[in-house]
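See structure below.
When reading the values below, keep in mind they use all heavy atoms of this one structure, side chains included, and skip hydrogens, waters and symmetry mates.
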Amino acid sequence: MPDSTACKPTFPASQLRLVLRTVIVLQCFGVAGQFLLSPLESESQIFEFLFFESGITEPVAQFIDDVGIWGCLISAVLILAGGLYEFRQPSLDRTDSKRLNPTIWWLEVVSLQFIACWFLANALAYMARGEMYWEWTLAEIAVRLGTPIALTCLLIQRGSNHVRWFDIVRYVVTLTTAMTFLAHGYKATQLYGPFTDLILLTDMNCFGFEPEQKSVEIGLVAIGWADIALAAGLIITRWGGIKTYMFLWGAVTALSRITAFGLVAWPETLVRSANWGMPLALILLCSIKSNAVLTQTSPD
Amino acid sequence: MTIQFKVYRSCFLILIAANLAGHLSTEIRADDPIESTKPVHIRVTWTNAPANNATISWSSTAEATSHVVRFRAKGSEGKETTVKAEKGKYADTKTDLTYYHARLSKLEPMTAYEIQIQNDDHVSPKTYFVTAPGNDRPFSIFSGGDSRTNKQERRRANQMLSRMTEQSYANSDLQDDIIALAHGGDFVATGTNLTQWIEWLSAHELTTCSDGRMLPIIPTRGNHDKGKIFNQVMGFTEDDKNYYALNLSPKVRLITLNTEIATAGAQAKWLGNELKVSRPLNRWVMAQYHRPAYPAVKTPGTALQSWVPTFEKHNVDLVCELDGHAIKRTLPIRGNVHDKTGVVYIGEGGLGVAQRAPKQNRWYIQSPGYSASSTHVYVLTFKKDWLLGKCVRIDGTIADQFVLLARKIKPKKVTPPKKTTNTKPGSESKKPMDAKTKAQPKK
């Protein structure tokens with residue numbers, strides 16, 4: 001008699017890992033672009049906090065900042081390598097029935113925790129510096145934190161064949177996606193200047209409609225309320241249309257950095273990959289759940 | 001009994017005398033205790049035609065029922081004019097502090113005005129400020145900002161400003177006379193924290209010269225100056241968007257922009273209209289704002305897309321940027337390349353905040369551009385044929401010096417639009433300045 005919660009290995013589970021891995025790798029390359037690779041590279045909030053607020057000397061603060069960014073980049077490479085390793089396995093081993101090679105598994109898990117910690121530290125540094133809307137920071141970047149956490153859960157789940165891990169992943173992904181949409185929605189309703197600029201500059205570069213700022217602001221408020229409604233809808237309903245809309249809108253908002261500021265803003269777009277990646281993960285999670293339910297109702 | 005009475009009477013008289021001495025003191029002191037309705041944090045701001053207008057602001061802990069500023073031309077025996085100040089509570093739940101703004105108008109250009117504030121029965125020391133020139137004479141201003149952290153360095157920087165202002169009037173040369181401080185923002189670290197503003201306001205009193213001359217401030221909102229308190233400190237109305245333009249003299253125009261709201265859209269349109277009108281009328285046109293388009297340290301702000309093409313189209317002479325916490329002077333830039341006819345950008349804030357090492361590899365700060373790291377302020381001297389910029393370090397040494405030649409702008413007869421696009425209540429009128437100006441006598 002099989003375990004009632006046993007989950008038959010499913011293809012979407014590996015797809016889900018692929019999506020999350022891709023998102024994390026893109027995010028980390030975005031971070032490296034912002035703070036290391038771009039000709040106009042800058043420093044992270046951690047540097048700003050250490051140097052301006054804590055009185056640590058610039059070389060030391062720069063060193064800590066560089067360690068964090070190189071750490072993210074190396075972690076991304078390790079996660080990418082883990083993904084390629086999984087992809088090269090025979091198709092049966094790519095399913096959830098076997099654990100990964102322990103060394104690769106540990107490297108991936110440690111890398112994911114490093115990335116999550118770095119994003120969290122950046123958010124806390126931003127909050128400590130009291131910048132605009134600092135109180136919404138954690139909610140705003142929740143998807144960036146949620147991605148490594150969700151993938152860690154999936155890596156733990158692999159081999160355990162236990163459906164509750166999918167539930168944990170679902171909670172993480174749902175909650176963080178809702179939080180990010182809620183925070184962005186709130187800022188939009190408050191007519192956050194940079195959001196208005198994204199619309200106006202995108203129009204200037206791509207369309208040339210030259211709308212009045214008042215009209216744009218009315219649109220922005222509507223977008224904001226839509227985001228808030230979607231965040232609430234994601235928690236209280238299971239309607240798939242919400243996730244699809246979030247996926248598309250997340251991609252649009254990430255791309256808007258390039259449409260507004262040009263290709264030079266590619267790191268800004270990459271670092272926001274979780275904006276579309278997490279809703280996509282949610283869509284896949286739904287199909288996994290369906291499969292799991294089917295498996296439970298028709299045991300071997 | 002008689003002796004006891006005499007002792008009591010003497011003590012009473014001493015107390016009265018001490019109190020009167022306190023009230024009639026002629027010196028403004030930074031860090032004066034803030035108590036009852038005693039006016040403190042006295043300052044002058046220029047946000048509108050400074051040849052004829054000024055806002056005198058102050059604070060007190062208790063809300064005064066009578067709150068006026070009395071003023072008259074310095075040294076005159078004429079009757080004082082009294083202006084009632086508007087008042088309000090600073091937006092802070094922890095500290096109870098009242099602000100007052102007295103809006104002085106119809107002033108004479110280039111005239112020293114002696115002012116005294118009366119809050120109920122508390123009278124401030126007499127102090128004075130000088131309105132902006134109404135004639136085309138040479139003069140200088142300070143340009144700087146980022147005074148948000150490192151309080152001791154901020155105070156040292158303010159003492160330096162006071163010292164330099166005094167020195168600039170200690171000779172008969174008009175061109176070095178420093179008339180105002182164009183502050184590019186980030187006054188405090190957390191704009192919603194009134195305690196930090198109180199510290200800044202106390203430190204700002206150090207810019208007052210020993211003879212009571214006050215240094216008018218032309219404020220810009222920085223990314224740390226979020227919240228309502230900025231407008232309350234600087235004398236703006238509550239919903240002011242903090243972008244405006246004013247003439248420092250009939251031929252020198254300073255445009256202040258706000259990078260903390262949408263930079264494209266209404267603000268960019270206003271800038272375009274403003275430059276269309278003001279460029280042909282002025283020999284020197286400069287702009288100041290907080291987040292740089294050509295940063296020495298960080299990544300470019302939205303000003304690069306929203307405003308730089310307009311600066312180039314209308315041949316703005318000089319742009320003052322802040323936020324990076326370093327010294328920089330770019331090459332003249334047009335179309336994102338080095339071009340001798342382009343716009344020069346200076347910055348990036350050093351009135352107290354810790355200084356960073358600039359990114360030396362950025363093309364626009366390569367020689368003959370300049371970059372360095374030190375607490376600093378720029379002194380900009382406007383003359384008929386050239387503009388001299390000096391970057392002065394906290395120790396008084398000069399880090400960088402540059403000269404811009406006046407552009408050959410064809411003067412146009414411009415008809416101001418019927419309905420101005422400047423939505424700001426305090427926007428300057430395009431009315432020509434009063435020709436009857438009197439020069440401030442030199443010491």
Q267(B) and Q213(A): which non-hydrogen atoms are nearest, and at how many Å?
N-OE1, 4.0 Å
Walk me through it: do F52(A) and R356(B) pass the test side chain to side chain contact (heavy atoms under 4.5 Å, CB included)?
CA-CA 10 Å; F52(A) 291 115; R356(B) 294 191 54 187; 3.5 Å; yes
Could you pull out the closest heavy-atom pair between D197(A) and I261(B), with the gap in Å?
OD2-O, 4.1 Å
Answer yes or no: is there an ion pair linking K269(B) with E212(A), defined by an N-O contact shorter than 4.0 Å?
yes
Heavy-atom count around E135(A) CD within 6.0 Å, excluding the residue itself: above 12?
yes
Honestly, the part of R362(B) sitting under 4.5 Å from a heavy atom of chain A is side chain
When heavy-atom pairs shorter than 4.5 Å are enumerated against chain A, which of G265(B), G227(B), A262(B), A189(B) gives the highest number?
A262(B)
Heavy-atom nearest pair, N223(B) first then M132(A), reads O-CG, 4.1 Å
Interchain contact, F35(A) with chain B, by part (heavy-atom threshold 4.5 Å)
neither
In terms of heavy-atom pairs under 4.5 Å, which option from H224(B), R148(B), K226(B) contacts chain A the most?
K226(B)
Options T190(B), T302(B), N150(B), ranked by heavy-atom pairs under 4.5 Å with chain A, top entry
T302(B)
Assess whether atom CH2 of W266(A) is packed by more than 12 heavy atoms of other residues, nucleotides or ligands within 6.0 Å.
yes
Q305(B) and L201(A): which non-hydrogen atoms are nearest, and at how many Å?
CB-CD2, 3.7 Å
CD/Q360(B): more than 12 non-hydrogen atoms of other groups inside 6.0 Å:
yes
State, with a plain yes or no, whether a side-chain heavy atom of F51(A) is found less than 4.5 Å away from one of H325(B).
no
Supply the atom-to-atom distance Q355(B) CD to E58(A) CD, rounded to the nearest 0.5 angstrom.
9.5 Å
Are any of the side-chain heavy atoms of Q34(A) and T299(B) separated by less than 4.5 Å?
no
Enclosure of W249(A) CH2 (heavy-atom neighbours >12, cutoff 6.0 Å):
no
With only heavy atoms counted, which part of K359(B) is less than 4.5 Å from chain A, the side chain, the backbone, both or neither?
side chain
So what's closer than 4.5 Å to chain B heavy atoms on A61(A): side chain, backbone, both or neither?
neither
Structural part of E48(A) lying under 4.5 Å from a heavy atom of chain B
side chain
Can you tell which part of E53(A) gets under 4.5 Å to a heavy atom of chain B, answering side chain, backbone, both or neither?
side chain
Would a 4.5 Å heavy-atom cut-off, applied to side chains only, mark P300(B) and L40(A) as touching?
yes
If you count the non-hydrogen atoms of other residues, nucleotides and ligands that lie under 6.0 Å from CH2 in W363(B), is the total more than 12?
yes
